[in-house]
J.: 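Below you will find the structure I want to go over with you.
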Amino acid sequence: MKKKLPIVLYLVITYHVPTTQKKGNRRDMQETEVRSSGQVEKCTIGIEELDTQLNGGIPTGSTVLVVGSSGSGKTTLCMQYLINGAKKGERGVFFTITEPLFKLTKNIEGFKFYDKKLVETGMVNLIDLRIISERLGLDAEKYTVEDASALLDVLRDIAEELDVKRLVMDSITALCYRLQTREMIRDFIFKLGTSLAAMKCTTLLTSEVPPRTFKYSQYEIEEFISDGIIFLGDVERRGDLIRTLQIVKMRGTSHSRTKFAMNISTDRGIELLPLLKSE
Amino acid sequence: MLDGLKERIFKAAKIHQSIGIIVPMNNYSDLSEAMFSYMLDDNADIWIYLMITKSYDTMMKRFNGLAEHKNIKFIDCISRAAGITRNDKGCVYIDSPVMLEKMIIEIMHIFHECKPDVSKYLILDSISALMIYNNPETVKEFFQHLINKSRAENMHSISIVLEEELNEYMNRIIFLNDKIIKVKESFI
């Protein structure tokens, strides 16, 4: 028998969610950007070069797959996206399934872009999805259709209650692993994306793939339901690995498909420069 | 003693956006001395020294008081690859001399941090050393990017090539500069 938790209980298991946080009192703080080109609202990532390549940012309400192997910078990119959004008044939520919150915060604290106050004031909410699943009484390994539906409701409730405009799921691969069929995966991502889009919430889903593969997802469904794909890879140059970033797809905006060399530093976070082509 | 060399190089660097210096191996240390002597006397401009030939540590030992000059920044591309893991305030260490894009990112970052009204100079020491670690075509592309970025950012560049190592690729690269100076004994 699955329990439906009251929203207050979801909040208890978040990391530093302030009690003053109430729906509706922060719409005035939100900054949405309406671009002149076709009046498409854009959600800036806050990484200048990437926003430029996206012609101003990700179309608001999109679901974007951030694909990469281990160590490719998926979590850093997503965290920078949330923090930069929070700095300009857009509340965000980060659902982690792959690592516990203490590890996530420990890793991210080293970056200068990270501001602990944003977490403490609830502008950035960090939630361990495994704990939510546990409290809902869901099977840790496999979800039934009902489990998936209950989880979806919880995610929607949290997003609505916190009035988030930016959501990250790290990783969708780990979540899909628990969904038993391709139909369930498709249904889950589609419904999640649709509900969040209705809330004008822009979502990044991280997708884990093995290194040096031309796959965008483990189950090869996720990319078809997503509005965009940002691929993080690497190239080998004389034995050294150089991180790369490429926008493969982004519905609703023109964008570059150039491959960029990606630098991650604790001082400046993610920086991009077109990858040198001659090899 | 090195005044003639200093004058020729820095006069040219002020006039032209990018200059290439072809130096015989025997005169490399003279050139190095002339450049550092000029930089150490110049407190008005910002200098970035991109080190592929010698490490920051080597330069520190050779030129006293270099670390105190806040207008000279170093990007050391070879120490990390050699397993040297020191950290210094005045120097950015790059993991490997093949990380050419990261070099450009770090150069641009340092220059963007500077006041806009100061003159900015980049010394690339050297293209010959970059060729050891990279594919010649990649070095050429890197250099082309660097020259274009320099022009866009109104930054001056000085690139060094060893005369004995000049080959078809290096000739093509060095001649992308606005001005070429061949170091001769008579300058010194």
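Proteins come first, then strands; the chains are lettered A, B, ... in the order of their sequence lines, and each starts at number 1. Below, each value reflects all heavy atoms present in this structure, side chains not excepted, and no hydrogens, waters or symmetry copies.
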J.: Does B/Lys149 reach the side chain of A/Leu273, with side-chain heavy atoms less than 4.5 Å apart?
T.: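 Of all side-chain heavy-atom pairs linking A/Leu273 with B/Lys149, at least one is under 4.5 Å.
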J.: To the nearest 0.5 angstrom, please state how far the CZ atom of A/Arg268 sits from the CD atom of B/Glu106.
T.: 4.5 Å
J.: In residues 231-239 of chain A, which residues are in contact with chain B at a heavy-atom separation under 4.5 Å?
T.: A/Arg237, A/Arg238
J.: Quick check: are there more than 12 heavy atoms from other residues, nucleotides or ligands sitting under 6.0 Å from NZ of A/Lys106?
T.: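 Result for NZ/A/Lys106: open.
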J.: Pairs under 3.5 angstrom only: tabulate donor-acceptor contacts from the side chains of residues 63-72 of chain A to other protein residues two or more places apart or in another chain.
T.:
unit_1, atom_1, unit_2, atom_2, d
A/Ser72, OG, A/Ser69, N, 3.4
A/Ser72, OG, A/Ser69, O, 2.7

J.: Say you draw a straight line from CD of A/Glu271 to NE2 of B/His109; how long is it, rounded to the nearest 0.5 Å?
T.: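 Answer rounded to 0.5 Å: 7.0 Å.
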J.: Using a 4.5 Å heavy-atom cutoff, which residues in residues 40-62 of chain B come close to chain A?
T.: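 Near chain A, by residue number: none.
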J.: What distance do B/Met99 atom CE and A/Ile242 atom CD1 have between them, rounded to the nearest 0.5 Å?
T.: 5.5 Å
J.: For the NZ atom on B/Lys179, are there more than 12 heavy atoms of other groups (residues, nucleotides or ligands in this structure) within a distance under 6.0 Å?
T.: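 Atom NZ in B/Lys179 is not crowded, with 12 or fewer foreign heavy atoms closer than 6.0 Å.
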J.: For the NE2 atom of B/His145 and the CG atom of A/Leu276, what is their distance to the nearest 0.5 Å?
T.: 5.0 Å
J.: Taking only heavy atoms into account, what residues of residues 217-229 of chain A are found under 4.5 Å from chain B?
T.: none
J.: Using a cut-off of 6.0 Å, state whether more than 12 heavy atoms not belonging to A/Lys215 lie near its atom NZ.
T.: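 Enclosed: over 12 neighbouring heavy atoms sit under 6.0 Å from NZ of A/Lys215.
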J.: In Å, rounded to the nearest 0.5 Å, how long is the span from CE of B/Met103 to CG of A/Asn263?
T.: 12.0 Å
J.: Where on B/Asp95 is there a heavy atom nearer than 4.5 Å to chain A: the side chain, the backbone, both, or neither?
T.: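 For B/Asp95, there is no contact with chain A at all, as no heavy atom is under 4.5 Å.
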J.: Would the number of heavy atoms belonging to other residues, nucleotides or ligands and lying under 6.0 Å from CD of A/Glu48 be above 12?
T.: no
J.: Using only atom types and a distance under 3.5 Å, with no angle test, would you say the side chain of B/Glu141 pairs donor to acceptor with the backbone of A/Lys277?
T.: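 Looks like yes, one N/O pair under 3.5 Å.
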